[in-house]
Amino acid sequence: SISGYTYAGQAVPLSFPLKGDTYCVSSAGSSPVINRHRLDPTAAFYDVTRAMQYATDLYKLGGSGSIANGLLPGDLTAYPAFGDTVYSPCDGKVLSVIDGVPDVNVYAVLEEFKERQRMIEEGRGDELEPPIGNSIVLEKGDVKILLTHLKNGSLLVSPGDEVATGQSLATLGTSGK
C-alpha cells in the first residue's frame with residue numbers, strides 16, 4: 001500500500017520556491033514505488049540522504065507538457081527549468097551551502113546510480129559522496145530545509161545569512177545525482 005509521512009513537531013509553512021509557469025511534483029511519498037529517493041543506496045551512510053527520503057522533485061513543464069525539449073537531450077538548456085531562480089520558501093537562517101559541483105547530463109546520472117548500488121553491494125558504500133550537489137540548507141526554528149540540484153556558481157547566500165520568504169537564493173541546475 002502507499003502511505004504518507006507524519007511529523008510530530010510544529011509544522012513549518014513553506015512557500016513554493018519557484019515562480020510562474022507550470023510545475024509538477026515527482027518522487028514524493030513513503031513508498032519506493034512512487035519515490036525514487038527511498039531507493040537511494042547511500043541513505044544508510046549519510047544523514048542528508050536519509051533526510052532526502054522526505055524529498056520531492058519539481059519539474060517545470062514546457063509548452064508541450066514535457067520536462068525537456070527533445071528525447072533525452074544532452075544540452076542542459078533543453079530543460080525548461082534549467083537556470084530558473086530559486087526563492088526562499090520561508091524566513092530563516094542559512095546553515096550551510098555547497099557550491100562548485102558541476103552540472104551534469106540528467107540521464108548520465110542513471111548510470112551513476114547503478115555504479116553507486118554496485119559499490120554498496122561490494123561493501124564500499126563508505127567511499128560514496130552524498131548525492132545532493134550544489135545546495136543550501138535553511139533553518140526555520142528546529143526544522144531544516146534542504147534545497148538541492150542548484151546551478152554551479154549560482155548561489156547568492158552564505159552560511160549565517162538571514163533570508164526572507166521569496167528572496168532569491170540561487171538558480172536551478174542539474175548538479176548532484
Side-chain angles (χ1 to χ4, degrees), residues 2 4-5 7 10-30 34-38 40 48-49 51-110 130-141 143-177:
I2 298 174
Y5 292 108
Y7 175 66
Q10 179 68 31
V12 173
L14 299 176
S15 295
F16 196 67
L18 305 167
K19 293 186 179 177
D21 299 306
T22 302
Y23 296 86
C24 69
V25 175
S26 173
S27 296
S30 62
I34 59 172
N35 185 351
R36 69 179 184 84
H37 301 107
R38 301 286 295 171
D40 191 317
V48 70
T49 49
M52 282 181 57
Q53 295 179 47
Y54 302 95
T56 61
D57 285 334
L58 304 174
Y59 294 98
K60 182 178 181 178
L61 300 180
S64 64
S66 65
I67 64 169
N69 300 319
L71 183 61
L72 308 178
D75 177 10
L76 300 179
T77 62
Y79 297 87
F82 188 79
D84 279 2
T85 301
V86 177
Y87 300 91
S88 181
C90 61
D91 294 344
K93 182 177 181 178
V94 178
L95 284 184
S96 64
V97 299
I98 296 174
D99 200 1
V101 179
D103 291 293
V104 296
N105 180 301
V106 176
Y107 292 97
V109 170
L110 297 176
I132 61 173
N134 300 313
S135 58
I136 299 171
V137 176
L138 302 176
E139 181 178 51
K140 173 72 174 182
V143 174
K144 293 174 181 64
I145 298 101
L146 174 65
L147 303 164
T148 65
H149 306 302
L150 304 174
K151 188 175 179 185
N152 187 18
S154 75
L155 279 65
L156 302 172
V157 294
S158 299
D161 289 353
E162 295 289 334
V163 296
T165 303
Q167 178 179 333
S168 298
L169 300 176
T171 57
L172 280 176
T174 58
S175 64
K177 315 288 187 262

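Below, each value reflects all heavy atoms present in this structure, side chains not excepted, and no hydrogens, waters or symmetry copies.
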Could you give the side-chain donor-acceptor pairs of residues 93-102 under 3.5 Å, partners two or more places apart or in another chain?
unit_1 : atom_1 : unit_2 : atom_2 : d
Asp99  : OD1    : Gly153 : N      : 2.8

Between Ala81 and Leu172, which heavy-atom pair has the shortest distance, and what is it? O-CB, 3.5 Å
Paired with Val86, the side-chain contact (heavy atoms from CB on, under 4.5 Å) test is passed by just one of Ile136, Leu18, Leu58, Leu156, namely Leu18
Given the rule in the side-chain contact (heavy atoms from CB on, under 4.5 Å) test, do Ser135 and Leu146 qualify, once you have shown the distances and angles that lead to the verdict? CA-CA 7 Å; Ser135 58; Leu146 174 65; 4.0 Å; yes
Is any side-chain heavy atom of Val104 closer than 4.5 Å to one of Leu76? no
Tyr87 and Ser168: side-chain contact (heavy atoms from CB on, under 4.5 Å), yes or no, with the steps? CA-CA 5 Å; Tyr87 300 91; Ser168 298; 3.6 Å; yes
Do you know the tightest heavy-atom contact between Gln167 and Val163? OE1-CA, 3.3 Å
Search all heavy atoms of Ile145 against all heavy atoms of Pro89 and return the closest pair with its distance. CG2-CG, 4.1 Å
Please enumerate all residues that pass salt bridge (charged side-chain N to carboxylate O under 4.0 Å, His left out) together with Asp21, with sequence neighbours excluded. Lys60
Do the ring centers of Tyr79 and Tyr59 come within less than 6.0 Å of each other? no
Knowing that exactly one of Asn134, Asn152, Thr148, Asp103 qualifies, which makes a side chain to side chain donor-acceptor pair (under 3.5 Å) with Ser175? Asn134
Using side chain to side chain contact (heavy atoms under 4.5 Å, CB included) as the criterion, list what pairs up with Thr77, not counting sequence neighbours. Asp75, Phe82
